[in-house]
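Before any comments, here is the structure.
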Amino acid sequence: MLDIQKIRENTESVRQGIQNKNMSIDFDAILQLDQVRRDVIAEVEVLKHDRNVVSKDVAVRKKNKEDASDLIIKTRDIGQRIKTLDDKQRAIEADLNKLMLEIPNIPHASTPIGKDASENPVVKEWGSRFSPGFDLKTHLELGESLGLFDFPRGTKIAGPGFPLYTGKGAKLERALINFMLDFHIDQHGYTEVLPPVVSNAKSMTTTSQLPKFEDDMYKIPQDELYLIPTAEVPVTNIHQGEILAAQDLPIRYCAYSSCFRREAGSYGKDTRGFLRLHQFNKVEMVKFTHPDNSYAELEALRGNAEAILEALGLEYRTIELVTGDLSFAAAKCYDLELWAPGEERWLEVSSCSNFEDFQARRGAIRFKPEGGGKVQLLHTLNGSGVATPRLLVALLETYQQEDGSVMLPEILAPYMGSAGLHLT
RNA sequence: GGAGACGUGGCCGAGUGGCUUAAGGCGGCGGCUUGCUAAGCCGUUGUACGUUUAGGCGUACCGAAGGUUCGAAUCCUUCCGUCUCCGCCA
């Protein structure tokens, strides 16, 4: 959510930012509603002040055993007017809040202006192309012949897009999750958390899955819960409504969770194998930072995600999203893409974003500055570190051997066993 | 799922319709003292919104939302949460 005061005072620059995001918002309607709201508040507060003064007089007279009926009659009318205005204020604020929740974050000044993904600049390329000279198999062919997963049975159990991992495939999935968690905890200083995989509407609103993206999520109406599309939701909401001490910042959490996405509107796209799923595993990093440090923390966060890919020896590139491709809540974002030699394409495995105070305002996540001073909103960031399905694709395709087996990188030995690195 | 108890500031805790502007204490912050010394004394204390050149002023907030009343932390209704006991359960 944006600051209404900022919209009021810097209307044109906010308007420009939204336009760069290819969105359109009726700011005139919002400003007008805000003006009405403030007029009503000013009016009702005068009446409440009057009521308080008269009520005190009533109390004094009653204490002195004097008659106060004239005052009571006078205030009865004030009470009615207050009630009317209170109702009006409530209605206006509900309307205004609804509009405010639909306004996307505005891009940071450093985010390149551009219309869509085709204009995203590549900011880093790492690793070398895997081209061994024999015919490369896709992860589907490899997985099937090696018995790593069973899509038909996953479909039978739940439906398409719900993968069943089997044997070494299940172990590899578990190994990757543990490897990434340990890496971020031991090397990058994150604190591990293991959150619920469901969240309520309030939490979903903080991170802005709600109200705009309700159709993308699985809902449990009976209990008014949603399955999380990412651990970002429960982890960011750990400090919802709290006032943290400045000395405690930055807070860095790392969480594994299953993620659930309906992928409505993407039917027929990337339906094969692991490229697009309804349920998948992901290790997520979430940071709560002082506003002054959030962009330095974003660079570090991106580095933490890249370090995973480098440790696994996989070719990747990092792109910076232009304003038109930025997600609803982000002010700046990097995407990490792995090269899948069998698929012969780049696969997005991580998104690292700075939301500035956008989510913090929605969730009332604040901090008290060191040495006192006014409580202020902190900045939230998150990034995948990383999602497993496409990582598994690139890993299998990059480490495949001519005989159809896969020789996993040495760094996974503690998790697979040395002998277990060779998938046959 | 059943029965009961409870929900007050950073924390403890008083408060059953009106000098409550939420007592008192702890903690925090600022100052004084340095013959009460592992201390003592004085002052201060939250959040949001509105308003103001500024200092300030006003309004609201006692789990949440409504209601009764001239006036609600206090009375009524609904909801949420916590705890205890019972039932079920990995």
Legend entry - Ion pair A/R8/A/D34, N-O distance below 4.0 Å: yes
Distances under 3.5 Å only, N/O to N/O: pair up the protein atoms with those of nucleotides 49-53 of chain B.
from	atom 1	to	atom 2	distance (Å)
B/rC49	O3'	A/R37	NH2	2.9
B/rG50	OP1	A/R8	NH2	3.3
B/rG50	OP1	A/R37	NH2	3.1
B/rU51	OP1	A/R38	NH1	3.4

Legend entry - Whole-angstrom distance between B/rG2 and B/rU59, as gauged at atom P: 45 Å
Inset, instruction - Identify whether the distance between the nearest side-chain nitrogen and carboxylate oxygen of A/D70 and A/R61 falls below 4.0 Å. - result: yes
Inset, instruction - For B/rG15 and B/rG25, measure between their C1' atoms and round to the nearest Å. - result: 15 Å
Legend entry - Base-pairing mate for B/rC89 - Watson-Crick or G-U, with both contacts under 3.5 Å: none
Inset, instruction - Considering only NZ, NE, NH1 and NH2 on the basic side and carboxylate oxygens on the acidic side, decide whether A/R302 and A/E306 come within less than 4.0 Å. - result: yes
Contact list (N/O, under 3.5 angstrom) for nucleotides 18-22 of chain B vs protein:
from	atom 1	to	atom 2	distance (Å)
B/rG18	N2	A/S55	O	3.1

Legend entry - Who pairs with B/rU51 - Watson-Crick or G-U, where each distance is under 3.5 Å: B/rG56
Would you tabulate the nitrogen or oxygen pairs shorter than 3.5 Å linking the protein to nucleotides 61-66 of chain B?
from	atom 1	to	atom 2	distance (Å)
B/rG66	OP1	A/R90	NE	3.1
B/rG66	OP1	A/R90	NH1	3.0

Inset, instruction - Apply the side chain to side chain contact (heavy atoms under 4.5 Å, CB included) test between A/E284 and each candidate in A/N382, A/V193, A/V386, A/I228; give the one that qualifies. - result: A/N382
Legend entry - Residue matched to B/rU16 through Watson-Crick or wobble contacts both under 3.5 angstrom: none
Inset, instruction - Between B/rU47 and B/rG63, how far apart are the C1' atoms? Round to whole Å, please. - result: 16 Å
Legend entry - Ring-face cation contact, A/F27 with A/R15, 6.0 Å cut, 45° max: no
Inset, instruction - Between B/rA3 and B/rU8, how far apart are the P atoms? Round to whole Å, please. - result: 25 Å
Inset, instruction - Among the candidates B/rG46, B/rU59, B/rA48, find the nucleotide nearest to the side-chain atoms of A/K48. - result: B/rU59
Inset, instruction - Can you tell me the pairing partner of B/rG66 across any strand shown, Watson-Crick or G-U wobble, with both distances under 3.5 angstrom? - result: B/rC76
Inset, instruction - Would you indicate what A/N52 reaches in the nucleic acid, counting non-hydrogen atoms under 4.0 angstrom: base, sugar-phosphate, or nothing? - result: sugar-phosphate
Legend entry - Length of the line joining A/K202:NZ and B/rC80:C1', which is rounded to integer Å: 15 Å
Legend entry - Watson-Crick/G-U partner (both atom distances under 3.5 Å) of B/rC29: B/rG43
Legend entry - Output field: ring centroids A/F149/A/F274 closer than 6.0 Å: yes
Inset, instruction - Would you mind reading off the distance between A/F367 atom CZ and B/rU47 atom P, rounded to a whole angstrom? - result: 13 Å
Legend entry - Side-chain N or O of A/H49 closer than 4.0 Å to phosphate OP1/OP2 of B/rG58: no
Legend entry - Check: A/F213 ring centre within less than 6.0 Å of A/F328 ring centre: yes
Inset, instruction - Hunt down the Watson-Crick or G-U wobble partner of B/rC36, both distances under 3.5 Å, from any strand shown, or write none. - result: none
Inset, instruction - Between B/rG10 and B/rC62, how far apart are the C1' atoms? Round to whole Å, please. - result: 16 Å
Legend entry - Considering all heavy atoms, the nearest A/L326-A/P107 contact: CD2-CB, 3.9 Å
Legend entry - Pair A/D86 + A/K48: basic N to acidic O under 4.0 Å: yes
Legend entry - ring-ring contact (aromatic ring centres under 6.0 Å, His included) between A/Y256 and A/H184, worked out: CA-CA 11 Å; A/Y256 152 72; A/H184 292 310; over 10 Å; no
Legend entry - Nearest heavy atoms of A/V322 and A/P121, plus distance in Å: CG1-CD, 3.9 Å
Inset, instruction - May I ask you to check whether A/H422 and A/Y399 place their ring centers less than 6.0 Å from one another? - result: no
Legend entry - Side-chain N,O (A/R51) to OP1/OP2 (B/rU69) below 4.0 Å: no
Inset, instruction - Please state the P separation for the pair B/rU21 and B/rU74 - nearest whole angstrom. - result: 14 Å
Inset, instruction - Could you pull out the closest heavy-atom pair between A/P229 and A/F280, with the gap in Å? - result: O-CZ, 4.3 Å
Legend entry - Whole-Å P distance, B/rG13 and B/rG9: 11 Å
Legend entry - Length of the CG-C1' vector between A/D70 and B/rG71, whole Å: 15 Å
Legend entry - For atom CG of A/L47 and atom P of B/rG71, their distance in whole Å: 13 Å
Legend entry - Protein-nucleotide distance (A/D86, atom CG; B/rA60, atom C1'), rounded to Å: 10 Å
Inset, instruction - Nearest whole angstrom, please: distance from the C1' of B/rU68 to the CD1 of A/I82. - result: 15 Å
Legend entry - Separation of atom NZ in A/K368 from atom P in B/rU45, rounded to whole Å: 13 Å
Inset, instruction - List the atom of A/T289, the atom of A/L249, and the distance in Å for their closest heavy-atom pair. - result: C-CD1, 4.1 Å
Legend entry - Pairwise C1' distance, B/rC76 and B/rU69 [rounded to whole Å]: 12 Å
Legend entry - Pair assignment for B/rG81, Watson-Crick or G-U wobble, requiring both distances under 3.5 Å: B/rC6
Inset, instruction - Provide, to the nearest angstrom, the distance between the CD atom belonging to A/E242 and the C1' atom belonging to B/rG9. - result: 17 Å
Inset, instruction - Just name whichever nucleotide pairs with B/rG71, Watson-Crick or G-U, keeping both distances under 3.5 Å, else none. - result: none
